[in-house]
Amino acid sequence: MTATITSPQNEDIQAVKAYLLSLQDHICASLEGIESGTQFQEDAWDRPNGGGGRTRVIAGGTVIEKGGVNFSHVMGDNLPPSATADRPELAGGRFEAMGVSLVIHPKNPMAPTSHANVRLFVVYKEGMDPVWWFGGGFDLTPYYGFDEDCVHWHQTAHAAVTPFSEEYYPRFKAWCDEYFYLKHRGEPRGIGGLFFDDFNEGSFEHCFGMTKAIGDAYTKAYLPILQRRKDLPFTEQQRDFQLHRRGRYVEFNLVFDRGTHFGLQSGLGRTESILMSLPPEVRWTYEYQVEADSEEAKLTDHFLTAKDWLGLAK
């Protein structure tokens, strides 16, 4: 019988890295399969301390206006404030962080933006055993929503984590709804999904297994939705609405997103790779409003309200 890992060794960390690289390959290949000839362009980068990554960006496609699927593995001698806000005892520790992070902005406003990431953090501090945790999840940001898409997204999320614990889906769904919330706007960024962080409950194998299940579920959740919506007709008015709603996405990523803050504060990330999550076109109009009872108003009135999406499938 294999011993349960509670404190990871180098081979365990390398296994996570190998999985993350394969996940990046799988997601990129799956998305390229929907495009007609447009491919991801890779930019490999490194840091003097041995860290680095693979940035992959796709742009100007018939389906994906802009998207990025990034792998990074960075190391440092001092944790930045964004990583120690909830764990001040780790301040001053050496660390390594690795993960895959992605954002896909489709061209068609009927197709939603999607975001996902999975990551591992390990902190080494004198007098302490290595402290590790996993984090990540995936969430969906529609512009013109469809109930069946939201139900499918949450059913896939539920199926991914329930084998590990019956309580994970409701817990991580609520966490996602709370995290991806624009406090200054008083509204969610999208219809949620899963979010977890600082997660080290049980063994390393258990946490890694659940993280893999979430990473593997992303294409199962997103590709059917993208296939259904990518060729739907749309108007210039609908495109305009999409660009205005993308502004909310930019606001969240720059003001609230913990991963963005870590990458910029640590000085070890690559700014171009961190900011690849921003859409290529976006619009802000002073006191922008939509008509009451319109399809545009339905986004905030129906889709961006707290819902039991699994319950809608019954």
Side-chain angles (χ1 to χ4, degrees), residues 62-67 103-115 138-158 169-170 173-195 221-257 277-314:
T62 58
V63 178
I64 301 172
E65 189 171 6
K66 181 187 175 188
V103 178
I104 303 299
H105 294 289
K107 184 175 183 178
N108 193 318
M110 301 298 157
T113 287
S114 68
H115 161 259
F138 53 68
D139 63 284
L140 194 71
T141 304
Y143 306 99
Y144 292 89
F146 299 86
D147 282 353
E148 65 176 305
D149 294 350
C150 301
V151 169
H152 166 75
W153 182 261
H154 279 272
Q155 284 177 330
T156 309
H158 179 269
Y169 170 76
K173 176 190 182 296
W175 202 344
C176 188
D177 291 341
E178 179 183 351
Y179 180 75
F180 291 104
Y181 188 82
L182 287 85
K183 300 178 181 66
H184 62 291
R185 296 285 189 181
E187 64 185 42
R189 187 172 82 173
I191 59 101
L194 301 170
F195 180 82
Y222 188 54
L223 263 59
I225 297 173
L226 190 57
Q227 287 280 20
R228 283 197 292 265
R229 308 305 169 196
K230 65 185 180 66
D231 296 320
L232 292 180
F234 63 91
T235 66
E236 283 302 314
Q237 177 185 338
Q238 290 166 332
R239 171 66 171 172
D240 180 74
F241 180 67
Q242 178 196 41
L243 297 184
H244 278 94
R245 292 302 306 183
R246 280 179 175 178
R248 302 289 206 268
Y249 208 92
V250 173
E251 290 173 22
F252 181 88
N253 278 27
L254 295 181
V255 177
F256 298 109
D257 188 74
S277 64
L278 303 182
E281 291 189 41
V282 65
R283 189 168 295 160
W284 282 274
T285 300
Y286 183 67
E287 292 192 341
Y288 175 76
Q289 301 288 334
V290 299
E291 291 184 13
D293 300 320
S294 64
E295 284 300 306
E296 291 74 25
K298 189 176 179 180
L299 177 67
T300 50
D301 295 346
H302 175 67
F303 289 97
L304 302 189
T305 58
K307 272 188 180 54
D308 172 16
W309 289 107
L310 295 183
L312 290 184
K314 298 175 181 177

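Only this structure's heavy atoms are used, side chains among them; waters, hydrogens and symmetry mates stay out.
Between W153 and Y222, the ring planes lie perpendicular to each other; the angle is over 60°, past the 30° to 60° tilted range. In this structure, W309 and F303 have parallel ring planes: the angle between them is below the 30° cut-off, well short of the 60° mark. Taking the six-membered ring for Trp and thresholds of 30 and 60 degrees, Y179 and F195 have nearly parallel ring planes, at less than 30 degrees apart.
Remark: side-chain polar atoms of K66 are paired, donor with acceptor, to backbone N or O of L278 under 3.5 angstrom. No donor-acceptor distance shorter than 3.5 angstrom exists from the side chain of Y144 to the backbone of E296, with no hydrogens or angles considered. Judged by distance alone, the side chain of H105 and the main-chain N or O of E281 form no donor-acceptor pair under 3.5 Å. A distance-only check finds no donor-acceptor pair linking the side chain of E178 to the backbone of W175 [under 3.5 Å]. Side-chain atoms of N108 come within 3.5 Å of backbone atoms of L232 as a donor-acceptor pair (strictly under, hydrogens ignored).
Environment of CD in E148: crowded, with over 12 heavy atoms of neighbouring residues, nucleotides or ligands closer than 6.0 Å. In the displayed structure, K307 atom NZ is contacted under 6.0 Å by more than 12 heavy atoms of other residues, nucleotides or ligands.
The only member of H184, R189, R246 that meets side chain to side chain donor-acceptor pair (under 3.5 Å) when paired with E251 is H184. Residue E65 forms a salt bridge (charged side-chain N to carboxylate O under 4.0 Å, His left out) with just one option from R239, K230, K107, and that option is R239.
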Side chain to side chain donor-acceptor pair (under 3.5 Å) assessment of T285 paired with H244: CA-CA 8 Å; T285 300; H244 278 94; 2.6 Å; yes
Intermediate values then yes/no, side chain to side chain contact (heavy atoms under 4.5 Å, CB included), R228 and F146: CA-CA 10 Å; R228 283 197 292 265; F146 299 86; over 6 Å; no
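For F241 and Y143, the ring centers sit 6.0 Å or farther from each other.
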